[in-house]
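First the structure, in the form of structure tokens, and then the observations on it.
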Amino acid sequence: MSSSKAAPFVKWAGGKRQLLSQIKMRMPETYNHYYEPFVGGGAVTFELLPANALINDINKALINTYIQIRDAPVQFLNAVNKLDEEMWEDGKQYYYSLRDQYNDKLMRAEYDVELAALLVFLNKHCFNGLYRVNGKGLFNVPYNNSRRVSADEETIMDVSKYLQGVTIMDGDFEIACGKAQKGDFVFFDSPYAPLNPASFESYTKDGFDADCHKRLSKLFDELTARGCFCMLTNHNTELINQLYGNKGYRLEVVTVKRMINSDATNRVGEEVIICNY
């Protein structure tokens with residue numbers, strides 16, 4: 001797989017590109033199956049290109065994009081290139097018209113090639129590459145004033161080739177790990193616990209609140225008992241330390257740049273990498 005140019009085709013909040021070397025340093029030397037229950041943009045999966053992989057995300061539109069690229073890469077590329085080519089003189093108006101089209105399809109649950117192409121186009125032309133929805137589940141990120149190419153053909157074809165051997169699921173993280181057994185490696189890039197516990201409200205729209213973090217830590221303990229190798233990354237917060245500290249796990253703090261903070265002086269943060277081996 002080493003000659004593959006498979007790489008993330010979307011930018012995703014909390015993506016792990018800048019932590020890749022830290023993650024690779026701490027991986028088990030050998031493992032059987034690879035599980036990534038919160039795949040997001042797939043930075044770790046596409047860096048490792050593991051055989052026998054299972055990827056999962058709760059975001060159905062994102063997972064539809066993985067499936068369309070796997071099963072219909074040429075149709076996907078045709079659709080996304082067409083969106084790029086047809087961009088109006090007024091990029092802003094064009095972006096908002098496509099955002100409306102995307103949301104209409106979401107509401108009708110039309111998970112198809114067109115929705116996948118729209119998601120990638122919007123991701124490349126929205127502010128900070130964020131994926132954020134409002135209370136009704138509608139994508140609401142503003143335009144970033146760019147006119148860039150949405151997808152790299154070679155990357156998409158390599159991603160498609162790699163995904164042929166990958167199990168792709170959309171659902172709860174616990175179900176995704178249902179078949180994980182002794183000797184398998186589970187990498188949890190879990191949704192961030194907010195740095196300020198009072199700001200948990202903003203997280204509930206994504207459906208990942210304090211109770212979900214507690215449920216995830218129970219799963220981590222359960223998989224440890226099954227003999228799985230588990231690694232989890234998150235903000236270095238009190239909640240995360242409470243959930244994983246004093247259990248014999250290895251907790252290591254690493255410094256990272258925070259891309260999304262508008263105040264440049266606050267762009268350095270701490271992440272914790274937790275391993276059970």
Side-chain angles (χ1 to χ4, degrees), residues 11-28 35-44 56-59 128-135 171-177 180 185-226 228-277:
K11 187 177 170 190
W12 215 250
K16 286 294 166 279
R17 289 184 208 203
Q18 58 165 327
L19 265 191
L20 284 173
S21 61
Q22 301 278 7
I23 288 164
K24 285 166 81 172
M25 266 166 52
R26 293 168 173 79
M27 282 183 58
Y35 287 82
E36 192 169 343
F38 304 96
V39 72
V44 176
N56 174 80
D57 204 279
I58 197 84
N59 185 318
N128 253 341
L130 280 176
Y131 191 93
R132 187 188 63 203
V133 294
N134 62 20
D172 187 78
F173 62 87
E174 224 171 317
I175 294 166
C177 296
F185 176 47
V186 187
F187 174 66
F188 292 107
D189 178 15
S190 49
Y192 281 136
L195 300 169
N196 168 10
S199 72
F200 243 124
E201 283 317 296
S202 62
Y203 258 66
T204 52
K205 282 199 184 83
D206 303 326
F208 216 87
D209 55 13
D211 288 339
C212 291
H213 280 287
K214 287 170 190 162
R215 188 161 65 89
L216 177 57
S217 74
K218 277 199 186 121
L219 177 65
F220 196 96
D221 298 342
E222 198 183 293
L223 292 170
T224 300
R226 268 189 233 174
C228 299
F229 300 111
C230 297
M231 183 192 290
L232 179 139
T233 58
N234 212 297
H235 283 326
N236 185 26
T237 67
E238 204 179 315
L239 174 70
I240 296 297
N241 281 277
Q242 275 169 8
L243 292 174
Y244 297 93
N246 306 319
K247 289 181 175 179
Y249 300 142
R250 194 157 54 111
L251 277 71
E252 294 177 282
V253 176
V254 294
T255 324
V256 290
K257 283 196 192 82
R258 295 247 179 278
M259 300 304 179
I260 289 172
N261 200 309
S262 54
D263 177 358
T265 55
N266 290 334
R267 283 190 188 163
V268 174
E270 286 184 346
E271 303 242 333
V272 63
I273 299 178
I274 301 162
C275 299
N276 69 352
Y277 49 87

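Side chains are part of it too, since the values below use all heavy atoms of this structure and drop only hydrogens, waters and symmetry mates.
Using a 4.5 Å cut-off on side-chain heavy atoms (C-beta onward), Ser217 and Tyr249 make no contact. A heavy-atom distance below 4.5 Å is not found between the side chains of Glu252 and Gln22. Between Tyr192 and Glu271 there is a side-chain heavy-atom pair separated by less than 4.5 Å. Two residues are said to be in side-chain contact when any heavy atoms from C-beta on lie closer than 4.5 Å; Thr233 and Phe187 meet this criterion. Looking at heavy atoms from C-beta onward, Ile273 lies in side-chain contact with Met231 at the 4.5 angstrom threshold. Side chains of Leu216 and Tyr244 form a contact here, defined as non-hydrogen atoms less than 4.5 Å apart.
Scored by the side chain to side chain contact (heavy atoms under 4.5 Å, CB included) test, Asn246 finds no partners at all (sequence neighbours excluded). Residues passing the ring-ring contact (aromatic ring centres under 6.0 Å, His included) test with Tyr35: none are found, sequence neighbours excluded. Here Ser190 pairs with Asn234 under the side chain to side chain donor-acceptor pair (under 3.5 Å) rule; sequence neighbours left out. Qualifying salt bridge (Lys or Arg N to Asp or Glu O under 4.0 Å) partners for Asp189, counting only residues two or more places apart in sequence or in other chains: Lys16. Arg215 pairs by the salt bridge (Lys or Arg N to Asp or Glu O under 4.0 Å) definition with Asp172, Glu174, not counting sequence neighbours. Not counting sequence neighbours, the partners of Lys247 by the side chain to side chain donor-acceptor pair (under 3.5 Å) test are Asp221. Contacts of Gln242 classified as side chain to side chain contact (heavy atoms under 4.5 Å, CB included), with partners at least two apart in sequence or in another chain: Glu238, Leu239. For the salt bridge (Lys or Arg N to Asp or Glu O under 4.0 Å) test, residues two or more places apart in sequence or in another chain that qualify with Glu222 are Arg226. Here Phe185 pairs with Tyr31, Tyr34 under the ring-ring contact (aromatic ring centres under 6.0 Å, His included) rule; sequence neighbours left out. Lys24 pairs by the salt bridge (Lys or Arg N to Asp or Glu O under 4.0 Å) definition with Glu47, not counting sequence neighbours. Shown here are the side chain to side chain donor-acceptor pair (under 3.5 Å) partners of Asp57, two or more places apart in sequence or in another chain: there are none. Under the ring-ring contact (aromatic ring centres under 6.0 Å, His included) criterion, Phe38 pairs with Phe173, Phe208, not counting sequence neighbours.
Classification of the Tyr277-Phe229 ring pair by plane angle, with boundaries at 30° and 60°, yields perpendicular.
Here the CG-CG distance, from Asn128 to Leu130, works out to 5.0 Å after rounding to the nearest 0.5 Å. Atom OG1 in Thr255 sits 6.0 Å away from atom CD in Glu270 (nearest 0.5 Å).
Judged by distance alone, with hydrogens and angles left aside, the side-chain atoms of Asn56 form a donor-acceptor pair with the main-chain N or O of Gly171 at under 3.5 Å.
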